[in-house]
There are 2 protein chains.
Amino acid sequence: MAGQNKISESAFTPLVFYKALADDTRLQSLLLISEQGELCVCDLMAALQQSQPKISRHLAQLRKSGILLDRRQGQWVYYSLHPQLPDWARQVLALTAEQNPDYAARARQYVTTHCC
Amino acid sequence: MAGQNKISESAFTPLVFYKALADDTRLQSLLLISEQGELCVCDLMAALQQSQPKISRHLAQLRKSGILLDRRQGQWVYYSLHPQLPDWARQVLALTAEQNPDYAARARQYVTTHCC
DNA sequence: TCCATATATATGGTATATCGTATATTCAAG
DNA sequence: CTTGAATATACGATATACCATATATATGGA
């Protein structure tokens, strides 16, 4: 699945985007990825203290919505914002992260060190 | 219920905000209100072509989340962005409306004329 | 080839959201 | 104080979302 870099799986609308943000795991993952540029599944597992299937499932959903891009490097899969993600969506994520330093603050601590 | 102008019904977090945007009726209502400043229930019924209980229910949810403020004037209830809505949230709405002119375009047509 | 690690997905149960319909509330006018 | 218009809410039924568990896939190294 990684590396196919599919584009325009369907219409990327504001509604699709905000539905993707309407879950704690997905929102925190996106804000962290938006800040850090790229994170792998195990980074997010450690940061958010959630199970592997849970993280993976939500990342898959974000990938299928066209928000994230996955890149496999060896055994690891790294996720970053999709290059074709509209600028307004990128700005929304950046704005949200900047203006809400407390939200996802605990997660940010764990991100500094790589887990695996 | 109108006119109580309650504040801080609970923590207003990014997650609460984006959950509120994760529904077509609520998102379109918010973008229209963000553009127009203030709209009443029947304006939104006409704009979105949805039933009265449906519109009313979603507006109530937005009010309870602290996103909208309601103001009764005679038989009509007008909704606007809550004065205490954080600036970043306001910017998100404005940005989304500006950068997605097509979304909610049909609704915008109907808004020009008042319904009742 | 066999094993361990990282990641993905399938499945079924549970919780949450949304809806249509019916009913209640509020206000203005008579 | 009744009536009609605008809005709000209650109630079931249905749909959707989320989760934990189990299993599958892919990669690298022995």
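Both backbone and side-chain heavy atoms feed into the values below; hydrogens, waters and symmetry mates do not. Convention: sequence-line order gives letters A, B, ...; per-chain numbering from 1.
- Taking atom CZ on A/R63 and atom C1' on C/dT7, their separation rounds to 10 Å, with Å as the unit.
- Distance, A/L68 CG to C/dA8 C1': 15 Å, rounded to whole Å.
- The distance between atom NZ of B/K19 and atom C1' of D/dC18, rounded to the nearest whole Å, is 10 Å.
- With hydrogens and angles left out, the side chain of B/Q52 and the base of D/dA6 share no donor-acceptor pair within 3.5 Å.
- Note: CG (A/L62) to P (D/dC18) measures 10 Å, nearest angstrom.
- The side chain of A/W76 lies closest to C/dA6, out of D/dA8, C/dA6, D/dC19.
- Comparing D/dA8, D/dC18, C/dA8 by their nearest atom to the side chain of B/V41 picks out D/dA8.
- Distances were taken from every side-chain heavy atom of B/S51 (C-beta onward) to each of C/dT7, C/dG20, D/dT7; the shortest belongs to C/dG20.
- Shown here is A/R90, whose CZ atom has more than 12 heavy atoms of other residues, nucleotides or ligands within 6.0 Å.
- We find the CZ-OH distance between A/F17 and B/Y18 to be 6.5 Å, quoted to the nearest 0.5 Å.
- Taking the side chain of A/K54 as heavy atoms from C-beta on, and the options D/dA20, D/dA26, D/dA8, the nearest nucleotide is D/dA20.
- At C/dA8, one or more side-chain N or O atoms of A/Y79 fall inside 4.0 Å of OP1 or OP2 (strictly under the cut-off).
- Aromatic ring orientation, A/W88 versus A/F12: tilted (interplanar angle from 30° to 60°).
- One atom, CD1 of A/I55, and another, C1' of C/dT7, lie 12 Å apart when rounded to the nearest Å.
- Side-chain N/O atoms of B/S56 include none lying less than 4.0 angstrom from OP1 or OP2 on D/dT7.
- The residue among A/H58 and A/G74 whose nearest nucleotide of DNA chain D is located toward the 5' end is A/H58.
- Evaluation of atom-type donor-acceptor distances gives no pair under 3.5 Å for the side chain of B/Q75 against the base of C/dT26.
- Atom CD in A/Q61 sits about 14 Å away from atom P in D/dT16, given to the nearest Å.
- Note: A/L81 CG to A/L93 CG = 6.0 Å, rounded to the nearest 0.5 Å.
- Following rounding to the nearest Å, A/R57 (CZ) and C/dG13 (C1') show an atom-to-atom distance of 13 Å.
- Closest heavy-atom contact between B/L48 and B/S29: CD1-OG, 3.3 Å.
- Summary of the strand contacts: A/P53 and B/M45 both lie near DNA chain D, and taking for each the nucleotide with the nearest heavy atom, the more 5' one is attributed to B/M45.
- If you measure from atom NZ of B/K64 to atom C1' of D/dT9, you get 8 Å, rounded to the nearest angstrom.
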